[in-house]
Amino acid sequence: MHMQLNNVSTGQLEKLLHCLMLNAQPLNLKQLLPDLQRNSPYHKKVVFNNFPDDAPLVISDVSARVLVNALRLNDSVTLVDLSNNRLTDDGAQQMANLLQLNATIVTMLLNNNRIGDAGARALAAALATNYSLRRLEVD
């Protein structure tokens with residue numbers, strides 16, 4: 001897209017980018033997002049554990065960013081399980097951001113992803129300000 005030739009504001013471009021990010025997400029995640037944003041008390045767990053590894057639902061770094069936006073003000077969800085997905089250091093950074101914003105999550109499972117040293121450092125730094133998390137699994 002050549003947006004510089006159009007009279008489109010930065011705010012409008014950000015909204016467009018957000019819509020495009022949402023559109024590219026797995027259907028199960030898209031269906032859950034409104035309940036998470038509304039802080040539905042019926043959702044205490046967010047589980048997108050992609051096991052076996054060839055399951056059709058894959059949570060990517062972009063999915064993690066979308067999920068963080070939905071959970072940042074949520075005070076119902078206590079468990080986030082994104083094990084066996086394709087999260088990298090960027091996805092781990094998104095989860096670290098979530099831990100800095102959300103004081104309700106007590107368990108976060110990120111096993112069997114593609115998280116490296118930088119992602120582990122980001123998660124460790126988030127723990128310095130998060131006092132609610134009791135269990136964090138990353139390997």
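With sequence neighbours left out, Asn111 forms a side-chain hydrogen bond (donor to acceptor under 3.5 Å, both in side chains) with Glu137.
Linking ILVMFWY side-chain heavy atoms closer than 4.5 Å, directly or via other members, places Val106 and Phe48 in two distinct hydrophobic clusters. Taken together through direct or relayed side-chain contacts under 4.5 Å among Ile, Leu, Val, Met, Phe, Trp and Tyr, Leu32 and Leu109 form parts of separate hydrophobic clusters. Cluster annotation: Val77 and Leu73 are assigned to distinct hydrophobic clusters (Ile/Leu/Val/Met/Phe/Trp/Tyr, side-chain heavy-atom contacts under 4.5 Å, transitive).
Nearest heavy-atom pair across Ala96 and Ala126 is O-CB, 3.5 Å. Closest approach of Pro41 to Ser76, counting heavy atoms only: CA-OG, 3.7 Å. Nearest heavy-atom pair, Gly119 versus Ala92, reported as atom, atom and distance to 0.1 Å: CA-CB, 3.6 Å.
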Residues Leu67, Leu82; criterion side-chain contact (heavy atoms from CB on, under 4.5 Å); working and verdict: CA-CA 11 Å; Leu67 194 56; Leu82 302 180; 4.0 Å; yes

Would Gln94 and Leu87 satisfy side-chain contact (heavy atoms from CB on, under 4.5 Å), going step by step from the backbone distance to the final call? CA-CA 10 Å; Gln94 295 303 317; Leu87 296 180; over 6 Å; no

Check step by step if side-chain contact (heavy atoms from CB on, under 4.5 Å) holds for Ile115 and Met95. CA-CA 11 Å; Ile115 297 171; Met95 292 298 103; over 6 Å; no

Test Thr107 against Thr78 for side-chain contact (heavy atoms from CB on, under 4.5 Å), laying out the working first. CA-CA 6 Å; Thr107 303; Thr78 60; over 6 Å; no

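For the residue pair Asp75 and Asn39, a side-chain donor N or O sits within less than 3.5 Å of a side-chain acceptor on the partner. Defined by atom type and a distance below 3.5 Å, a donor-acceptor pair is present between the side-chain atoms of Asp81 and Ser83. Asp89 and Gln93 share no donor-acceptor pair across their side chains, judged by distance under 3.5 Å alone.
Side-chain contact between Asn74 and Thr104 is absent, with no heavy-atom pair separated by less than 4.5 Å.
Here CE of Met108 is found 9.5 Å from CG of Leu127. Values are rounded to the nearest 0.5 Å. With rounding to the nearest 0.5 angstrom, the CG atom of Asn84 is 4.5 Å from the CG atom of Asn49. Here the CG-CZ distance, from Asn97 to Arg72, works out to 11.5 Å after rounding to the nearest 0.5 Å. Expressed to the nearest 0.5 Å, how far CG of Leu123 lies from CG of Leu98 amounts to 10.5 Å. To the nearest 0.5 Å, the span separating CG on Leu27 from CD on Gln31 amounts to 4.0 Å.
At least one donor-acceptor pair under 3.5 Å links the side chain of Ser132 to the backbone N or O of Ala103. Of the possible polar contacts, none joining the Asn85 side chain to the Asn113 backbone as a donor-acceptor pair under 3.5 Å is found. Panel note: side chain Asn130, backbone Leu99; a donor-acceptor pair is recorded below 3.5 Å.
Listed by first and then second residue, the salt bridge (Lys or Arg N to Asp or Glu O under 4.0 Å) pairs that reach into residues 37-46 are Asp35-Arg38, sequence neighbours excluded.
Environment of CG in Asp139: crowded, with over 12 heavy atoms of neighbouring residues, nucleotides or ligands closer than 6.0 Å.
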